[in-house]
Amino acid sequence: MLAGRLHLADRTLRMEQVAVPEPERGQVRIRVGAAGVCLSDVHLIDGTLTPLYLPGDVVTLGHEVAGVIDALGDDVEGWEPGQRVLLQAGERDRRGTVFTRGVDYDGGWAEYAVANEGTVVPIPDDLPFEQACIIPDAVSTPWAAVTETARTRPGEAVGVWGVGGLGAHAVQLLRLVGAAPVIAVEPLAAARDRATTLGADAVLDPADPAFRDAVLALTDGRGLDVAFDFAGVTAVREQALTVLGRRGRLVLAGIANKPVTIASDSPFNYFQQAVLGHYGSEPEHVVQLVSLARQRRLDLSASVSDVLPLGEAEEAVRRVQSKQGNPIRLILRP
């Protein structure tokens, strides 16, 4: 079968023919219907990210995967060939260590993929694979940030910095939980237009000299209850802290690999503000989102920016890296 294999020794992505994997005890094999291309995949290729637990130096990329069960390993119960499913982006071992699909073990940039049965989630017949595959990570990461880390409440004023693959979904999800106003902050005009289409109540350019005044005007002078950094940029954190209100929370969902600086602890302490780290999601968040999609509360059709054949994975990576077309998600289809 064809697979997109990352060779860590020289950080090259190669489209190669490899053996179709056989499911072991407790595993299922799926015929991949669609797989997402994430900025994390790009960072694995360019060396910004490195697998921690990969036994070897070659891995099939792809942690956003959906398809049809093709074969069952021994002792698998409750699953049948032909079922439509998505795969969780990773799993924990008994010690709590997180292993990520397509990073620490082979992922879904391939015609077939194997998965432990506990990481398989059924999806409805009317949910396209191209939309289902991005629920783990692209949608579940901002969902967990909104509902779990920030514990966003209805009526809270929120700001979303960065309306890319994560932030675009955050805008939709914040509306879903009743946050208001939802303010999107983006330097790119096209991304600001997209945020409006997705339901942002207001869109602001962070370079606008009147930025702080605009936020205060939109929040009746009180500032933001929650600010989400989905860009992973130091300047974003610094700006967000200047518009937080009393008991405001800054949630760091983007990774900058830089120090987080609070300019002065006096106002930070007086207003009882907080900086919260966020990473990924838990299995229950993915299940919740599938349920919301099934009940027509969540429409991900606008999230699929383009679909490319699996053999064009290198082109998809180039387009994500260069932000060509300002995509939310590019999808590979075997």
Side-chain angles (χ1 to χ4, degrees), residues 30 33-36 38 63-69 78-79 83-91 101 108 115 118-156 158-160 162-184 194-201 225-226 228 230 251 253 278-305 307 327-331:
I30 72 162
C38 176
H63 56 274
E64 299 178 340
V65 190
V68 175
I69 292 179
W79 299 102
Q83 284 183 280
R84 303 176 80 253
V85 299
L86 61 76
L87 304 181
Q88 297 278 5
E91 56 198 286
R101 190 181 311 281
T119 66
V120 181
V121 179
I123 60 174
D125 292 341
D126 59 355
L127 181 60
F129 292 132
E130 292 81 5
Q131 296 176 35
C133 73
I134 66 173
I135 289 178
D137 193 21
V139 191
S140 65
T141 292
W143 178 246
V146 166
T147 61
E148 193 75 24
T149 300
R151 298 192 179 277
T152 311
R153 296 184 291 271
E156 287 196 309
V158 299
V160 176
V163 193
L166 299 180
H169 292 118
V171 168
Q172 294 173 272
L173 298 167
L174 285 161
R175 284 188 62 90
L176 188 62
V177 301
V182 176
I183 304 169
R194 178 169 69 193
T196 300
T197 301
L198 293 172
D201 297 299
D225 296 297
V226 192
F228 293 93
F230 287 105
V251 177
H278 179 80
Y279 185 82
S281 62
E282 297 297 327
E284 62 265 25
H285 296 122
V286 171
V287 175
Q288 291 165 3
L289 289 163
V290 171
S291 177
L292 288 168
R294 179 183 293 111
Q295 298 176 63
R296 304 291 194 276
R297 299 294 182 91
L298 180 62
D299 181 5
L300 297 174
S301 57
S303 299
V304 181
S305 302
V307 179
I328 295 179
R329 264 303 185 266
L330 297 181
I331 307 298

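In this chain, numbering begins with 1 at the start of the sequence shown.
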[Y] side chain reached by [X] side chain, heavy atoms, under 4.5 Å:
{"X": "Gln88", "Y": "Val121", "result": "yes"}
{"X": "Leu87", "Y": "Val120", "result": "yes"}
{"X": "Glu282", "Y": "Glu148", "result": "no"}
{"X": "Val177", "Y": "Trp143", "result": "yes"}
{"X": "Phe228", "Y": "Leu166", "result": "no"}

What are the two closest non-hydrogen atoms of [X] and [Y], and how far apart are they?
{"X": "Ala34", "Y": "Ile331", "answer": "CB-CG2, 3.7 Å"}
{"X": "Val163", "Y": "Ala195", "answer": "CG1-CB, 4.0 Å"}
{"X": "Pro122", "Y": "Val290", "answer": "O-CG1, 3.7 Å"}

Item checked: side-chain contact (heavy atoms from CB on, under 4.5 Å), paired with Gln83, selected from Ile30, Val68, Ile69 ->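 Answer to the side-chain contact (heavy atoms from CB on, under 4.5 Å) test with Gln83 among Ile30, Val68, Ile69: Ile69.
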Checklist line | Matching residue for Val158 among Asp225, Val171, Leu174, Ile183 - test: side-chain contact (heavy atoms from CB on, under 4.5 Å) | finding: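 Going through the options one by one, the only one that passes is Leu174.
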Under 3.5 Å, sequence neighbours excluded: what are the donor-acceptor pairs made by side chains of residues 129-140?
residue : atom : partner : partner atom : Å
Glu130  : OE2  : Arg333  : NE           : 3.1
Glu130  : OE2  : Arg333  : NH2          : 2.6
Asp137  : OD1  : Thr141  : OG1          : 2.9
Asp137  : OD2  : His63   : NE2          : 2.8
Ser140  : OG   : Ile135  : O            : 3.2
Ser140  : OG   : Asp137  : N            : 2.7
Ser140  : OG   : Ser281  : OG           : 2.8

Verify, without hydrogens or angle tests, whether [X] (side chain) and [Y] (backbone) share a donor-acceptor contact under 3.5 angstrom.
{"X": "Gln172", "Y": "Asp299", "answer": "yes"}
{"X": "Arg84", "Y": "Pro124", "answer": "yes"}
{"X": "Arg296", "Y": "Arg294", "answer": "yes"}
{"X": "Thr152", "Y": "Val146", "answer": "yes"}

Check: Considering residues at least two apart in sequence or located in another chain, which fulfil the side-chain contact (heavy atoms from CB on, under 4.5 Å) criterion with Arg175?
Finding: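 side-chain contact (heavy atoms from CB on, under 4.5 Å) check on Arg175 returns Val182, Asp201.
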Notebook entry, point to check: What residues, two or more places apart in sequence or in another chain, satisfy side-chain contact (heavy atoms from CB on, under 4.5 Å) together with Ala253?
Noted result: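 Scan of Ala253 (side-chain contact (heavy atoms from CB on, under 4.5 Å), adjacent residues dropped) gives Phe230, His278.
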Next item on the list: Carefully, step by step, assess Leu300 and His169 under the rule side-chain contact (heavy atoms from CB on, under 4.5 Å).
Entry: CA-CA 9 Å; Leu300 297 174; His169 292 118; 3.9 Å; yes
Item checked: Residue pair Thr119, Arg101: steps toward the side-chain contact (heavy atoms from CB on, under 4.5 Å) verdict -> CA-CA 10 Å; Thr119 66; Arg101 190 181 311 281; 3.1 Å; yes
Next item on the list: First locate atom CZ of Arg194, then atom CD1 of Ile328, and finally report the distance between them rounded to the nearest 0.5 Å.
Entry: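 So the gap between those two atoms works out to 4.5 Å.
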Margin query: I need the Leu289 CG to Ile123 CD1 distance, nearest 0.5 Å.
Written below: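 Result: 13.5 Å between the selected atoms.
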